[in-house]
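Each remark here refers to the structure printed beneath this line.
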Amino acid sequence: QRDRRRLLAARERLAAHFAAPPGIAALARDVGLGAKKLCAGFTAEFGETTSAFVRRLRLECARELLASSELQVREIARRVGYRHHSTFTAAFTRHFGVAPKHARRRRLVVN
């Protein structure tokens with residue numbers, strides 16, 4: 001139960017700082033778990049790794065920004081934590097099956 005609370009705290013911290021998440025060592029230290037225990041526990045508890053969780057949050061936020069703003073794709077990529085536009089575009093396309101500029105044109109429905 002104590003470890004579950006710590007894993008929930010880790011997930012909340014990652015969600016709050018997904019654009020610039022803490023490293024595993026710092027996150028583990030902050031929530032009071034070892035790095036290996038954090039990684040294994042996170043995957044077991046939430047069904048995805050910490051990096052997959054952060055990536056999903058970034059891409060979902062980007063999709064919302066594409067649908068609700070007129071920000072340039074490059075700016076959206078930066079806001080959600082991607083340093084390089086091309087890396088963002090590749091991740092977005094892999095996740096949603098459509099490039100960001102096409103998602104904007106189609107106003108991809110935000111769930």
(message) Evaluate Glu60 against Arg63 for salt bridge (charged side-chain N to carboxylate O under 4.0 Å, His left out), listing each step before the verdict.
(response) CA-CA 5 Å; Glu60 288 174 0; Arg63 180 178 63 170; 5.4 Å; no
(request) Please check if the side chain of Arg58 supplies one atom and the backbone of Val80 the other of a donor-acceptor pair under 3.5 Å. (result)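 Checked: pair present.
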(message) Looking at Ser51, is its backbone amide N or carbonyl O close enough to the side chain of Arg56 to form a donor-acceptor pair, meaning the two atoms are under 3.5 Å apart?
(response)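 Side chain of Arg56 to backbone of Ser51, a donor-acceptor pair under 3.5 Å: no, none is there.
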Drop me the distance from [X]'s [atom1] to [Y]'s [atom2], to the nearest 0.5 angstrom.
{"X": "Arg83", "Y": "Thr87", "atom1": "CZ", "atom2": "OG1", "result": "10.0 Å"}
{"X": "Gln72", "Y": "Arg104", "atom1": "CD", "atom2": "CZ", "result": "9.0 Å"}
{"X": "Ser69", "Y": "Ile76", "atom1": "OG", "atom2": "CD1", "result": "4.5 Å"}
{"X": "Arg79", "Y": "Leu65", "atom1": "CZ", "atom2": "CG", "result": "7.0 Å"}
{"X": "Ile24", "Y": "Leu14", "atom1": "CD1", "atom2": "CG", "result": "7.0 Å"}
{"X": "Leu38", "Y": "Arg29", "atom1": "CG", "atom2": "CZ", "result": "12.0 Å"}

Taking the side chain as C-beta and beyond, is there a heavy-atom pair between [X] and [Y] under 4.5 Å?
{"X": "Arg11", "Y": "Leu8", "answer": "yes"}
{"X": "Pro21", "Y": "Leu27", "answer": "no"}
{"X": "His85", "Y": "Val73", "answer": "yes"}
{"X": "Tyr82", "Y": "Arg74", "answer": "no"}
{"X": "Leu7", "Y": "Phe46", "answer": "yes"}

(request) Establish, yes or no, whether a centroid distance under 6.0 Å links the rings of Phe53 and Phe18. (result)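 That pair fails the under 6.0 Å test.
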(request) Return the minimal non-hydrogen interatomic distance between Ala10 and Val31, and the atom names on each side. (result)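 Scanning both residues, the minimum pair turns out to be N-CG1, 3.7 Å.
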(request) Could you pull out the closest heavy-atom pair between Thr89 and Thr93, with the gap in Å? (result)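 Reported closest heavy-atom pair: O-OG1, 2.8 Å.
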